[in-house]
Amino acid sequence: MNPYANDDSASAFHTTHWTQVLAARGESTEAKQALRDLCEAYYRPVEAFVRRYRFGHDNARDLTHEFFSKLLEGNSLTGVDRTRGRFRSYLLGAVKHFLSDQADRSLAEKRGSGQSPQSLQASPSHDRSGQEEHTPLDVADPHGFPPDAFFDRQWALAIVDTAMRILQTESQDRGETQRFEVLRRWLIPSEDGAIASEAARSLDMTDGAFKVAVHRLRKRFRQLVKDKIAASVDGPEALQEELDYLIEALTASESTSGSAL
Amino acid sequence: MTDPTFTTICPRCGAPATPASDLCPACLLKQVATGTGTDSLPNEPWTPPAIGDLAAAFPQLEIIELIGRGGMGAVYKARQKSLGRLVALKILAPQHAANSSFAERFSREAQALAELNHPNIVTVHDFGRAGEFYFLLMEYVDGVNLREATKGGRLTPEQALAIVPSICEALQFAHDHGIVHRDIKPENLLLDKAGRVKIADFGIARIMSAGRDPVSGPAMSTSAGLTQECALGTPAYMAPEQSAHPEQVDHRADIYSLGVVLYELLTGELPVGKFEPPSRKVHIDVRLDAIVLRALEHTPELRYQTIGEMRTQVMTVVNEPGTARAGSHADNVATRLSNVATCYLTTPEELATFDAQLFLYPYKAQMLLDNRQLSFARAGTTTVIPLAAIRDLSIGHYPRVMSPVVRLHFISVTYEEGGQTKRLFCEPVPGWFGRRSQFNRFVAEWFDAIRAAITAATGRSPGNTPANQLGTPSSSAALLLLLLLPLVVGLLLVSMVLWTPEQPSPAVADPPEVPEFKVPEFKVPEPRKRLDVPPPP
């Protein structure tokens with residue numbers, strides 16, 4: 001299962017930094033833990049990417065698992081290009097590499113295994129499974145990957161989603177679930193005073209108190225998103241750049257990035 | 001609702017909308033990027049005009065007091081001097097009246113409201129503009145609204161059930177006249193001293209949304225045709241589509257809002273997030289769970305399609321109390337049964353092609369059935385078919401050429417979407433190897449499961465067309481040709497063999513000659529070798 005779905009650590013925000021991982025070249029225990037946390041946080045974009053790439057393969061999830069366990073156990077950080085600086089770029093590169101490797105291997109197995117050819121008399125199910133096995137041939141094509149924009153969009157969505165979950169969990173802990181459900185709609189600025197005061201009244205709040213509550217929620221949301229992005233980039237100056245980039249990724253035309261979630 | 005590609009865009013930033021979220025992720029990130037600059041919250045709330053100012057604008061009225069105020073306006077108690085009757089004067093908040101289309105929209109909508117004459121709807125006596133004020137002059141209801149009535153907590157189920165049928169009747173009446181309330185909430189449901197319920201503020205939300213100025217308001221996309229229809233309502237009571245697609249809202253939004261009100265009346269809480277059925281919270285008839293949960297369906301197609309239908313269900317509970325067993329039914333409602341399988345997905349058009357008949361069509365999908373919908377997930381798209389939208393469910397056979405001996409079956413699903421009838425074929429598969437009978441049995445199991453789910457969800461069973469009338473595509477001519485080709489070639493070869501001058505039949509007829517023929521052949525090579533050796537010496 002997706003560790004993200006029952007992620008108890010959603011409230012414990014990942015403050016470990018990609019820089020820390022890079023500095024230790026993934027060698028130290030802390031760096032390993034940091035990488036583990038990062039991977040867990042970005043499990044979903046990778047899974048979406050693999051799923052789209054090898055759609056229909058029941059093993060998309062297994063592949064994702066395999067990818068992450070290889071990444072975490074292996075010394076795969078040696079090849080990281082420091083200048084690229086972003087965990088997002090690194091992970092995308094790594095997953096592509098992994099998938100090409102997989103494709104090569106299954107291709108080799110297919111050629112060398114010496115299995116007898118399937119009978120033409122086989123049932124349609126045989127035909128289909130035969131067709132299934134052809135897919136790795138397509139995969140060997142380096143251009144067969146979903147566009148990077150798709151991955152970036154998934155990435156941005158994962159960040160927004162995690163921040164939102166944390167906000168929700170925090171509200172739950174304070175016993176303010178209902179309040180949060182109304183307030184969250186105001187995370188996006190709106191200029192309608194009329195609706196705002198309606199909303200305030202539905203929460204039995206004065207307009208002033210409502211305003212303060214919305215302000216606090218937005219502030220917290222900003223903090224959560226920034227923390228999360230900061231943990232995945234190399235240095236604080238890259239934060240704003242990465243944020244702008246992710247906004248661009250979300251705003252870009254769907255035709256280039258495919259479907260989400 | 002199918003979601004093949006994301007055709008919807010966020011009206012604020014133009015980014016493709018994400019169905020999983022009601023808040024646009026791009027807008028959220030932009031909020032992070034711009035920081036505190038955007039925190040200037042809503043303008044200061046509008047201050048209702050003083051009684052003195054109104055008196056000047058309404059000389060025919062004696063303004064008594066301010067009795068209520070909301071985001072859309074303020075309500076005053078007044079006496080109509082000529083008739084001596086009490087009236088309620090609603091003054092609309094002026095910030096909504098800023099743009100030019102407002103006046104026209106206002107008079108059109110108000111006229112429709114004035115024609116709504118129902119004992120459970122607050123009557124509109126007059127409307128118009130007096131000085132700077134847009135106003136509605138309405139029947140005065142001496143009593144309290146439902147919010148005030150429930151201030152001390154929740155209503156007893158009996159009390160709640162006593163008023164809901166009247167609300168349903170009034171809403172049905174309005175819906176029949178083409179008017180959707182759009183803002184059903186306890187504040188708009190008034191109880192007079194005789195205990196009668198009256199619905200106030202019909203269609204006001206729609207009038208007010210017309211007044212939102214697309215220029216000064218949030219940047220609305222003019223090209224999307226959404227300019228005039230903004231989400232306006234009370235968030236906690238609004239149907240999901242009301243905030244996502246305000247332009248598509250119909251009467252079923254009211255059904256949702258009434259579901260929220262009913263839930264709140266029964267439990268004292270709002271149904272937000274993952275909420276429990278009412279009977280898990282308070283001791284009530286479990287049949288109410290089904291009613292509330294159906295009204296609160298996310299997809300309009302899955303809700304009651306008319307509010308009258310909802311009323312009938314409520315009346316059943318009222319008239320036949322205590323017949324339902326506690327527990328079991330609630331569990332049934334609360335637990336969403338679900339089935340998942342891998343399947344082949346195709347359409348009648350695709351199935352007629354050469355590729356498809358070689359089983360080369362690429363649409364392998366995951367199919368998922370739960371008690372609300374049947375969905376197919378494949379390469380980046382998900383097709384969601386609400387069970388209520390399925391008109392016909394039948395078993396079909398693949399064309400003979402694809403399964404010559406034992407016919408392979410698939411499930412044909414015919415459904416309505418956006419006013420069109422669509423059909424797709426799916427074949428859930430238990431695995432890649434197996435006997436045909438196994439495949440067909442698996443298809444049959446799924447067929448029964450889907451059928452049962454539709455019947456459970458909608459109370460009716462879908463149509464069932466015999467396989468031979470399904471219009472299954474005939475075998476592809478190209479494929480037939482391909483299959484016939486070896487036969488033709490074979491025949492050709494045979495005829496060529498028959499044409500050779502030697503008679504093959506004697507050879508077959510005289511088997512004894514063969515061994516004799518072989519013997520000399522064996523003997524020939526040996527002498528040759530011996531002959532080859534001598535010359536060198």
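Just so you know, these numbers use all the heavy atoms, side chains as well, and skip hydrogens, waters and symmetry mates. Sequence lines set the chain letters: A, B, ... in the order given, protein chains first and strands last, and positions in each chain run from 1.
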| query | Does NZ or CZ of A:Lys228 lie under 6.0 Å from the centre of the six-membered ring of A:Tyr42, at an angle within 45° of the ring axis? | reply | yes

| field | B:Glu187 versus chain A, the contacting section by heavy-atom distance below 4.5 Å | value | neither

| note | For A:Arg185, the salt bridge (charged side-chain N to carboxylate O under 4.0 Å, His left out) test, sequence neighbours excluded, returns none

| query | Would you call the rings of A:Phe210 and A:Trp186 parallel, tilted or perpendicular if under 30° counts as parallel and over 60° as perpendicular? | reply | perpendicular

| remark: When the 4.5 angstrom heavy-atom criterion is applied to A:Glu181 and chain B, the contacting part is side chain

| task | Could you pull out all residues at least two apart from B:Tyr237 that satisfy ring-ring contact (aromatic ring centres under 6.0 Å, His included)? | result | none

| field | Contacting moiety of A:Gln240, where chain B heavy atoms sit under 4.5 Å | value | side chain

